[in-house]
Structures are given as structure tokens and as C-alpha cells.
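Read through the structure below, which is laid out as C-alpha cells, and then see the notes.
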Amino acid sequence: MKEINVTGTKRSTVGKKATKALRKQDLVPCNLYGEAKDENGKPKALAFASPMKELVKVVFTPHVYLVNLNIDGEEHKAIMKEIQFHPVKDTILHIDFFEVTEDKLITVGIPVNLVGLAQGIRDGGRMNLSIRKVNVTSQYKYIPETLDIDVTHLTIGKSIKVGELHFDNLEMATSKEVVVCSIKATRKSTMQQTEEGAAAE
């Protein structure tokens, strides 16, 4: 799992006026949720702000990062849980982080990486990638950068579902029936099969 460093400063004031002032300084209001609870037993947030230029590298990327947060000198390891964007400008308005430890299980979406040239492609078919990420649950130290899926033996009309995937130390959190990828027939592959059938006869 890739790691990236992000710095932050604790926020002493919250609310619309305070967050608006932060954004004018190119800072993004953030919350870090961890083990701390409030008097009602609900997760207690550590409010902080981070530079927009640092968070852009974490948000606008296909990679999933373990974020090393340095908030006023305090070190925290976290993952992003929720991001709020401006509805028009697509800029980052707010991010919630979730603090992790080595023994804590986390669930994140990992990019799918298809490995090999499928037999169905050789036969003129077309690869269809149905989902780009699969949710997995594990300790962060076991979570890979990508889920490498061998498609070499995948033929036309066949598919690979999440339930068929098996990786050490990972539990699939996406539904087992979800199709990851499949090989669709094309006009070229249909004609090729017709010609091969005629030749066989």
C-alpha cells in the first residue's frame, strides 16, 4: 500500500465562518476520527486543516494511500473515508480521515489490474471491465496497491466474479456476485467462429 505524507494544523474554531476563512487561505478543513469517544459514546473528531496542494495529491489519483498525518508534530496513520467537493468548481471542501493501527481491520477500495492477454481477446472478443475497484478488508500492512487478476484463460462469453478472487490476508468486501470483467463477443469474433465452423464441416 502506497504511503504519502500530509501536514496539518489543529483547528481551534469550527463553523461556516471559520471554514470559509480557511479555504481563502487554500487550506482544507479536515477531521480525524480514531479511538477517542465523546460523552455520548460517539466517535470524537480531531479538527485540523491541511494545505490544498498536499491533499490534491491524495485525492486526485487512482492510487489508494495510507496517509501519514503530521498534525502539529503529532503523528497519525490514516485513510480517507469521506470527501466533500464543491458542486460546481470540483474543489475539495472537506475531508474526513479514519485513524488506523497495525491490528485494526479497515475496508478500502483497491484498483483492479488485469494481467495477461485473455484467450477471448486472441479470438477477436472485447474485454469489458465492469468495476475499477474491489473493496477489501484487512490490516493495512497487507493491503496491496492493486488487485492483480490473471485473465489469460478467460474466453468469449465468460466472466470473473468477485467470489472467484482469492488473495492472502484479504477478505473481499464487495458482493461475491459482482462481475469484475468479462469477454464480449464482437462482429469479428462471430465471423471468425462461423468461418472456423464451416472449415471444420
Does anything in residues 146-170 form a salt bridge (Lys or Arg N to Asp or Glu O under 4.0 Å)? List the pairs, not counting sequence neighbours. Lys161-Glu177
Return the minimal non-hydrogen interatomic distance between Leu114 and Val112, and the atom names on each side. CD2-CG1, 3.8 Å
Examine distances only and state if a side-chain atom of His94 and a backbone atom of Pro29 form a donor-acceptor pair shorter than 3.5 Å. yes
Nearest 0.5 Å, what's the NZ-NE2 distance between Lys2 and His63? 5.0 Å
Can you confirm whether Phe48 sits close enough to Asp72 that some side-chain heavy atom of one is under 4.5 Å from a side-chain heavy atom of the other? no
Inter- and intrachain pairs under salt bridge (Lys or Arg N to Asp or Glu O under 4.0 Å), touching residues 88-100, at least two apart: none
Using atom types as modelled and distance alone, determine if a side-chain donor or acceptor of Arg23 lies under 3.5 Å from a backbone N or O of Leu93. yes
Has the side chain of Arg11 got a donor or acceptor atom that lies under 3.5 Å from a matching backbone atom of Ala18? no
Going hydrophobic residue to hydrophobic residue with side-chain gaps under 4.5 angstrom, can you get from Met80 over to Met1? no
Take atom NZ in Lys104; do more than 12 heavy atoms of anything else shown fall under 6.0 Å from it? yes
Can you name the closest pair of heavy atoms from Leu154 and Ala118 and give their distance? O-CB, 3.6 Å
Return yes when atom NE2 of His86 has more than 12 non-hydrogen atoms of other residues, nucleotides or ligands closer than 6.0 Å, and no otherwise. yes
If only atom types and distance count, is the side chain of Thr152 paired as donor or acceptor with the main-chain N or O of Gly116 below 3.5 Å? no
Using 0.5 Å steps for rounding, measure from the CD1 atom of Ile83 to the CG atom of Leu55. 9.0 Å
Looking at residues at least two apart in the chain, or sitting in another chain, which of them share a side-chain hydrogen bond (donor to acceptor under 3.5 Å, both in side chains) with Glu171? none
Taking atom NZ of Lys77 and atom CG of Leu66, what is their separation to the nearest 0.5 Å? 5.0 Å
Out of curiosity, Ile121 CD1 to Met127 CE, how far, rounded to the nearest 0.5 Å? 5.0 Å
Please report the closest heavy-atom contact between Leu147 and Leu170, naming both atoms and the distance. CD2-CD1, 3.9 Å
Out of Ile4, Ile79, Val59, which residue meets the side chain to side chain contact (heavy atoms under 4.5 Å, CB included) rule with Tyr65? Ile4
Do His166 and Met172 come close enough that some side-chain heavy atom pair is under 4.5 Å? no
For Ser50, does its backbone N or O pair with a side-chain atom of Glu54 as donor and acceptor, under 3.5 Å? no
So CZ of Phe167 and CD1 of Ile110: to nearest 0.5 Å the spacing works out to 10.5 Å
For Asn70 and Glu74, run side chain to side chain donor-acceptor pair (under 3.5 Å): C-alpha distance rounded to whole Å, both residues' side-chain angles, the deciding distance at 0.1 Å, then the answer. CA-CA 5 Å; Asn70 184 314; Glu74 296 178 7; over 6 Å; no
Expected output: side-chain Thr61 to main-chain Val58 donor-acceptor under 3.5 Å: no
Do Tyr33 and Val67 share a hydrophobic cluster, counting only Ile, Leu, Val, Met, Phe, Trp and Tyr and linking them when any side-chain heavy atoms are less than 4.5 Å apart? no
Which heavy-atom pair separates Val64 from Gly109 by the least distance, and what is that distance? CG2-O, 2.9 Å
Once rounded to the nearest 0.5 Å, what's the spacing between atom CG of Leu46 and atom CZ of Phe97? 11.5 Å
Are the side chains of Asp123 and Ile183 in touch, meaning some heavy atoms are under 4.5 Å apart? no
